[in-house]
Amino acid sequence: MLKLKDVSKFYYNKGLISTGFTKINLELKMGEFVVITGESGSGKSTLLNVLSGLDSYEEGEMYINGEETSHYTEKDFEDYRRKYIANIFQSFNLINSYTVYQNVELVLLLNGYKRKEVKKKVLEMIDKVGLSKFKNTKVSKLSGGQKQRVAIARAMVKETPIIVADEPTGNLDAKASKDVIELLKKVAKDKLVIVVTHNIEQVEEYATRIIKMHDGRIVENKTIKEVPKVEHIQTSKYNKITIANKYRLGTRNTFNIITKFLLLFAVFLFISASLLSEYASFEQTEYEANKQGYNFYFRDLSDNRIIIKKENKSNFTKEDYEKISKIENIDYIVKDDLLLDNSFAIYNENEMYINGKMYDIKHYKGNLTRRKNTRKRK
């Protein structure tokens, strides 16, 4: 299933080269329960990351089902992980605000399954790991052992041929660790299971092969039990996430935590109010500027003035004026309004200057006072 031939992994950091592991030769078959152990820094987790496609390698060749991978792009490794690999992490990597059901369901929704296809598969897998009565319980309320069971269910529901687990019992007590390993052995029948651990005693009785690493090299590769050959390898099915699933997950992530929703809503209101206020201010400024601005054709820019013309550009008739005058909110009609767009200036002998526009006296709404001539005639 997986074969490594003289594979090496190096890390580059600020001109320095460090070794993850060197010249690894290894062949792993379906049905095996492989345990990789060694002290911290021995390269076991790095090897697991390369095997699972989470990390690349610099030398040698890794074969997947006989296919070379040295030419793989990032997209190729992403497809490999989706088709072949299910991960179980030491820190569980669950969404605490989701229920058990939602955490297991999530991986199928992301892989493009329709909702009607998901429910039965998820409930069956939750039942297999013994958490049926907790299916609607939020993960944050579960114990460490129960959380790891959820992680196993999430990994198994993908139906991939390979399961990798990095220190799956690192955060558990002895009893919970034993239960998790027994469960993993049970549900992973006919699959390739690769477990990295520094505590070999917890998993030794379940292993079919034990690999010990030291200083980036395999120092022991011991087969404990032979496994029957698996002829057919069934890979996981996946498609692009559907629009319906995107909408469903987006809605769930918005409302699953009330305080988060209220905070997001408050931020939304604040941003909306700010944008509307800015837009209104801009419109008001533009409006005031237009009122004070210059128009080549019209100098009377009053808000109360409406200039109209006939579509065929013909002259207005008496009937037209009568129809216009009956329109609501029309105060009066100026038939020949050219004077409204002319400015006039008046001077007198006292060097007074008046500048303005002409209006018909009939439409003046103020009060005019006639000044009496008090000058005496000589």
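Positions are given from 1, in the same order as the sequence printed here.
In terms of the side chain to side chain donor-acceptor pair (under 3.5 Å) criterion, Lys5 has no residue partners (sequence neighbours excluded). Every ring pair (Phe, Tyr, Trp, His ring centres under 6.0 Å) that Tyr332 has, sequence neighbours left out, goes to His363. Scored by the side-chain contact (heavy atoms from CB on, under 4.5 Å) test, Thr317 finds Glu319, Asp320 as partners (sequence neighbours excluded). Contacts of Glu61 classified as side-chain contact (heavy atoms from CB on, under 4.5 Å), with partners at least two apart in sequence or in another chain: Tyr57, Tyr63, Glu68, Thr69, Ser70. Not counting sequence neighbours, Thr223 has no partner by the side chain to side chain donor-acceptor pair (under 3.5 Å) test. For the ring pair (Phe, Tyr, Trp, His ring centres under 6.0 Å) test, residues two or more places apart in sequence or in another chain that qualify with Tyr72 are Phe77. Legend: residues meeting side chain to side chain donor-acceptor pair (under 3.5 Å) with Ser52, ordered by chain and number and at least two apart, are absent. Scanning for ring pair (Phe, Tyr, Trp, His ring centres under 6.0 Å) contacts around Tyr101 gives an empty result, with sequence neighbours left out. With sequence neighbours excluded, the residues satisfying ring pair (Phe, Tyr, Trp, His ring centres under 6.0 Å) with Tyr80 are Tyr84.
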What side-chain donor-acceptor pairs closer than 3.5 Å can you find for residues 19-31, not counting sequence neighbours?
| unit_1 | atom_1 | unit_2 | atom_2 | d |
| --- | --- | --- | --- | --- |
| Asn25 | OD1 | Asp6 | N | 2.9 |
| Asn25 | ND2 | Asp6 | OD1 | 3.0 |

Do any side-chain atoms of residues 125-142 form donor-acceptor pairs under 3.5 angstrom with protein atoms, and if so which ones, sequence neighbours left out?
| unit_1 | atom_1 | unit_2 | atom_2 | d |
| --- | --- | --- | --- | --- |
| Asp127 | OD1 | Ser132 | OG | 3.0 |
| Lys138 | NZ | Asn256 | O | 3.4 |

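Sorted by first then second residue, the ring-ring contact (aromatic ring centres under 6.0 Å, His included) pairs that include residues 302-325, not counting sequence neighbours, are Phe316-Tyr321.
Between Ile181 and Glu205, every side-chain heavy-atom pair lies at or beyond the 4.5 Å cut-off.
Cluster membership check: Ile307 does not share its hydrophobic cluster with Ile324, using side-chain heavy-atom separations under 4.5 Å among Ile, Leu, Val, Met, Phe, Trp and Tyr.
Using a 4.0 Å cut-off between charged nitrogen and carboxylate oxygen, Glu182 and Lys178 count as a salt-bridge pair.
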